[in-house]
Enquirer: 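The structure that follows is given in the form of structure tokens.
Given the structure is predicted, the values throughout are model-derived calculations rather than measurements. Values below: every heavy atom of this structure, side chains too, minus hydrogens, waters and symmetry copies. In listed order, ligands and their atoms are each counted from 1.
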Amino acid sequence: MSIYMKKPFIICNWKMNPATPREAKKITQEIARITEAKKGTVIIAPPTLFIERVRALYPWVAGQDISAHAAGAYTGQISARMLRKENVSYVIVGHSERRKYQCETDEQIAQKIKQAHGEKITPIICVGETKKATIPQAWNKIKKQLDILIPSLVRGGNYIFAYEPVWAIGGNKEVDPKYATDIIYRIKLYVRTQTQEVSPVIYGGSVNCENIDSLLYYKNTIDGFLVGSASVRPKEIKNIIKKIYGSY
Ligand code: 13P
């Protein structure tokens, strides 16, 4: 893990928001102002069309996805190389919304990880169970995902895992921090035994101003947060970042 990647990691996944470039600019400026303290790595993942604008105002930008292919006849897709050429150093892969709506498989996601590594882009690799379950049941599902994804990791390369229980995504779903922490601990341990490397693991799923304190109680295990809906509400994301900064 290179030195410019500092814990805590806060990834703002804007998904298909905001609606206009003007709003994108406003949120970026707010985030840029507060992250001047450089207490961690705050990364904005805007829609592809806004990447260049956001990048002009803020250095830490992620793609929301990349193609599993290097180049070719893949209408609508963007390659890892294209992101690299826009000076984008991170990319989210395997997000549950892509798994669901684009029917992405772990095998395809493994290819995306390889593409990202090939361009020295840090993949933020999402895993998580779809239905609310017991910890052993959920872990069983996640371990299966990891078994397909881990072989594509490059030794000594940068990568971040994001645990997102799919049933907890939506901005205001109930989150059990202890449950999330238990799963994150298992992911860390498993990745470490399989790769002999230490990977940061962050949490995503309805992170908001109300529940961030209870999640931060487990900051020794949780290395950061993947924030969706709250990350396009300037006031709320500022408060979340402040709380996180104040705690690590
Ligand atoms: P919400 O924060 O809206 O639940 O989204 C989480 C997420 O999917 C981030 O990638």
Enquirer: Hey, does Gly205 come in under 3.5 Å of ligand 1, counting only N/O atoms on both sides?
Expert: no
Enquirer: Need the ligand 1 atom indices (1-based, order shown) with element for anything under 4.0 Å from a heavy-atom of Asn13.
Expert: 9 (C), 10 (O)
Enquirer: I'd like to know if the side chain of Asn13 and the backbone of Leu226 have a donor-acceptor N/O pair within less than 3.5 Å.
Expert: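 Answer holds: no.
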Enquirer: Give me the nearest non-hydrogen protein atom to atom 6 (C) of ligand 1 as residue plus atom name, then the distance to 0.1 Å.
Expert: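 Here the closest protein heavy atom is Glu164 OE2, 3.6 Å.
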Enquirer: Partners of Lys15 by salt bridge (Lys or Arg N to Asp or Glu O under 4.0 Å), sequence neighbours excluded?
Expert: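 Partners of Lys15 under the salt bridge (Lys or Arg N to Asp or Glu O under 4.0 Å) test: Glu97.
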Enquirer: Determine whether a donor-acceptor pair (N or O, by modelled atom type, separation under 3.5 Å) exists between the side chain of Arg53 and the backbone of Lys25.
Expert: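 No, Arg53 side chain to Lys25 backbone: no donor-acceptor pair under 3.5 Å.
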Enquirer: Would you confirm whether the ring centroid of Trp139 sits within less than 6.0 angstrom of the ring centroid of Tyr190?
Expert: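 Yes, close enough.
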Enquirer: Considering only heavy atoms from C-beta outward, does the side chain of Ile121 approach that of Val88 to under 4.5 Å?
Expert: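 No, side chains not in contact.
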Enquirer: Mind checking whether Ile169 contacts ligand 1 via backbone (N, CA, C, O), side chain (CB onward), both or neither, at a 4.0 Å heavy-atom cut-off?
Expert: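 Looking at Ile169 and ligand 1, atoms from backbone and side chain both fall under 4.0 Å.
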Enquirer: Among all protein heavy atoms, pick the one closest to atom 2 (O) of ligand 1 and tell me residue, atom and distance.
Expert: Gly228 N, 2.9 Å
Enquirer: Identify, for atom 3 (O) of ligand 1, the protein heavy atom at the shortest distance, and state residue, atom and that distance.
Expert: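 Sorting protein heavy atoms by distance from atom 3 (O) of ligand 1 puts Ser229 OG, 2.3 Å first.
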Enquirer: Starting from atom 10 (O) of ligand 1, locate the nearest protein heavy atom and write down its residue, its atom name and how far away it is, to 0.1 Å.
Expert: His95 NE2, 2.8 Å
Enquirer: Suppose I only count heavy atoms of Ser206 and a 4.0 Å limit; which atoms of ligand 1 are within that range?
Expert: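 Heavy-atom distances to Ser206 below 4.0 Å select 1 (P), 2 (O), 4 (O).
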Enquirer: In ligand 1, which numbered atoms sit nearer than 4.0 Å to a non-hydrogen atom of Leu226?
Expert: 9 (C), 10 (O)
Enquirer: Report the part of Lys15 (side chain from C-beta onward, or backbone N, CA, C, O) that has a heavy atom under 4.0 Å from ligand 1; answer both or neither where that applies.
Expert: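 Looking at Lys15 and ligand 1, just side chain atoms fall under 4.0 Å.
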Enquirer: Does the pair Lys144/Asp106 count as a salt bridge with the N-to-O cut at 4.0 Å?
Expert: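 Not counted as a salt bridge, because no side-chain N and carboxylate O are separated by less than 4.0 Å.
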Enquirer: Just jot down the side-chain contact (heavy atoms from CB on, under 4.5 Å) partners of Glu129, sequence neighbours excluded, or say none.
Expert: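 By the side-chain contact (heavy atoms from CB on, under 4.5 Å) rule, Glu129 matches Ala138, Lys141, Ile142, Tyr163, Pro165, Trp167, Tyr179.
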Enquirer: Within the distance-only criterion (no hydrogens, no angle test), does the side chain of Glu197 pair as donor or acceptor with the backbone N or O of Arg155 below 3.5 angstrom?
Expert: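 No, Glu197 side chain to Arg155 backbone: no donor-acceptor pair under 3.5 Å.
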Enquirer: Can you find an N or O of Val227 that's nearer than 3.5 Å to an N or O of ligand 1?
Expert: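 N/O-N/O distance under 3.5 Å: no.
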Enquirer: What are the atoms of ligand 1, with element, lying closer than 4.0 Å to any heavy atom of Gly170?
Expert: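 Checking each atom against Gly170, I get 1 (P), 3 (O), 4 (O).
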Enquirer: Please could you name the atoms of ligand 1 that Gly171 approaches to less than 4.0 Å, counting only its heavy atoms?
Expert: 1 (P), 3 (O), 4 (O)
Enquirer: Donor-acceptor pair, Tyr90 side chain versus Ile92 backbone, under 3.5 Å?
Expert: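 Side chain of Tyr90 to backbone of Ile92, a donor-acceptor pair under 3.5 Å: no, none is there.
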